[in-house]
Amino acid sequence: MGNNSAGCLIGRRLILPFALVSLLFLLWGVANNMNDTLLAAFRRIMSMSDLQTSLVQFAFYGAYFCFALPAAVFISRRSYKAGILLGLALYAAGTVLFYPAGQAASYGFFLFAIYVMAGGCAVLETTANPYILSMGPPETATRRLNIAQTLNPIGAIGGILLSRRFVLSELHEADAAERAGMGADALSEIQAHELDAVSGAYLLIGGILLALLVVIALVRMPGDRDAGNFKIASSFRELWRNRRWRYGVVAQFFYVGVQTGVWSFTIRLAMERLGVLEKDASLVFLYSIVAFTLFRFLFTWLMGFIRPVKLLAMASVAATGCTLAVIFGEGWPSVWALVGVSACMSLMFPTIYGIALEGVAGDDAKLAASGLIMAILGGALITPVQAFVSDCSGIGNSFWVPAVCFLVVLIYSLGLLKKGGARLA
């Protein structure tokens, strides 16, 4: 992208703040996708079912629901910069809590650490997304958000590589049946080593977060032009009359549910279809995130020629087709179809977000943004549904849940196309 294009999208004086805020997208990408590998790790370490391990996602995405609205109130009364600093502090605190959780060998303590960490991510997302949208002309807001979001899958790749190197590679090969036959001391020694590996990886992330917090605290960031009294009731009434936003929240709920479900069980499906262990199966997850990253760049480029809502509809159709191939396929073809699902998902979150917020400004935008972040609750509620289906009828059949979710996103995009869309759509 040339300088003229960058200036039009962002504005030269905002390039450094834009870069720093965009870096946050990378950092919560690390948390999101290390979280996906934790399901496979805890399943082996503590001999759990898919439904039990899905509590990791329930804790993570449940925090988004709880923290998003308070975050919107906080940044309205303070500033976007204050919201970023608060989010980084909470995120770092959660990673530090992994250490005592590992020492206690307590799954409940780990879930609490994940909840605190995710609370920080929720504050960051509630702050960073509308902040990015405000850093330039409204006409390019959706494209600008997609550019910032390109760092999210790069963070996801980093999270998977960290997890492969420091967590999955340290898991003992003994499965649940073999662990059940071990003596208490032998099992405790194995689990202690594995949980130390989990804790150490998250402590490393915590150190990086604290360093970035200091940098952002020292850098001058653009002011919040819309700061003022945050009137939730009146803003919500105004937003509720906005069908684009209202149905956008629903679409985002199902999209985040499908993304979380697909990535939570990518390793599990690869293990079953290919007959490999977690570390090798995580390569399929890595391929999925690489595809997600590359197609994010492709879709962002295509937005210069094709309306975002039309791309959203096309990606929804393709994702549904790939999901059906996962359900009915076998071996490597079904695994590559699963990688294709991730490629199709790459534009969905920022595009739904940008389209739903079109024309919303001021404190209404903060509440609208928090509503779209609260919709991330879909990851907490839909993932256990998929896990339950997996436990009852197999990992392959569990992908009927994502197929239904993609249809909801398709209906949203077709509804906008039928109405003719608008500037960003």
Least distance between heavy atoms, T266 atom then S288 atom: CG2-OG, 4.2 Å

Residue pair M303, L311: steps toward the side-chain contact (heavy atoms from CB on, under 4.5 Å) verdict: CA-CA 8 Å; M303 282 181 188; L311 286 174; 3.7 Å; yes

Shortest non-hydrogen contact between A41 and V167, atoms and distance: CB-CG1, 4.1 Å

Side-chain donor or acceptor of T351 paired with backbone N/O of M348 under 3.5 Å: no

Heavy-atom side-chain contact between F349 and V256 under 4.5 Å: yes

Check: F25 main-chain N/O paired with N152 side-chain donor or acceptor under 3.5 Å: yes

Candidate list T383, T260, N35, test side chain to side chain donor-acceptor pair (under 3.5 Å), partner Q57, passing option: N35

I267 CD1 to I160 CD1 distance, which is reported to the nearest 0.5 Å: 7.5 Å

Least distance between heavy atoms, L51 atom then P384 atom: CD1-O, 3.7 Å

Distance, nearest 0.5 Å, that separates CD of Q386 from CG of D391: 11.0 Å

Rounded distance (nearest 0.5 Å) linking atom OG of S282 with atom CG of L168: 5.0 Å

Intermediate values then yes/no, side-chain contact (heavy atoms from CB on, under 4.5 Å), V262 and F399: CA-CA 8 Å; V262 167; F399 277 79; 4.1 Å; yes

Side chain to side chain, R296 and P350, heavy atoms closer than 4.5 Å: yes

Min side-chain heavy-atom separation M221-Y80 under 4.5 Å: no

Closest non-hydrogen atom pair between I84 and L124, with its separation: O-CD2, 3.4 Å

Side chains of N32 and Y61 in contact at under 4.5 Å (non-hydrogen atoms): yes

Under 3.5 Å donor-acceptor, R164 side chain and K279 backbone: yes

Neighbour count >12 (heavy atoms, 6.0 Å) for atom OH, Y99: no

Any donor-acceptor pair under 3.5 Å from T53 side chain to F42 backbone: no

Donor-acceptor pair, side chain of E125 and main chain of A122, under 3.5 angstrom: no

Within-4.5 Å side-chain heavy-atom neighbours: C344 and F406: no

Side-chain H-bond candidate by donor/acceptor type, Y353 with Q252, under 3.5 Å: no

Pair T127-L86, side-chain contact (heavy atoms from CB on, under 4.5 Å): steps then yes or no: CA-CA 10 Å; T127 306; L86 175 62; over 6 Å; no

S79 side chain vs A82 backbone, donor-acceptor pair below 3.5 Å: yes

Side-chain heavy atoms of Y91 within contact of I205, under 4.5 Å: yes

Parallel, tilted or perpendicular, as decided by the 30° and 60° cut-offs, for the rings of F328 and W400: perpendicular

Minimum-distance pair of heavy atoms, taken over all atoms of S22 and L151: O-CD1, 3.3 Å

Inter-residue atom distance M48.CE - R43.CZ, 0.5 Å rounding: 11.0 Å

Value rounded to 0.5 Å, distance of OG in S316 from CG in L414: 8.0 Å

Flag if over 12 foreign heavy atoms under 6.0 Å of CZ, F253: yes

Full working for side-chain contact (heavy atoms from CB on, under 4.5 Å) between W336 and V284: CA-CA 8 Å; W336 286 120; V284 175; over 6 Å; no

Test applied, ring-ring contact (aromatic ring centres under 6.0 Å, His included); reference residue, W301; option that passes from F297, F299, F305: F305

Within-4.5 Å side-chain heavy-atom neighbours: C405 and I382: yes

Any donor-acceptor N or O pair under 3.5 Å, side chains T37, S163: yes

Check: A368 main-chain N/O paired with W245 side-chain donor or acceptor under 3.5 Å: yes

Check: F112 and Y107 side chains under 4.5 Å, non-hydrogen atoms: no

Considering all heavy atoms, the nearest C121-W28 contact: SG-CB, 3.9 Å

Backbone of V326 reached by a side-chain donor or acceptor of R273 within 3.5 Å: yes

F60 and Y115: CA distance, side-chain angles, deciding distance, ring-ring contact (aromatic ring centres under 6.0 Å, His included) verdict: CA-CA 5 Å; F60 191 88; Y115 181 83; 10.0 Å; no

Nearest-0.5 Å distance that lies between atom CD1 in I75 and atom OG1 in T126: 7.0 Å

Polar side-chain atom of N397 near backbone of S393 as donor-acceptor pair, under 3.5 Å: yes

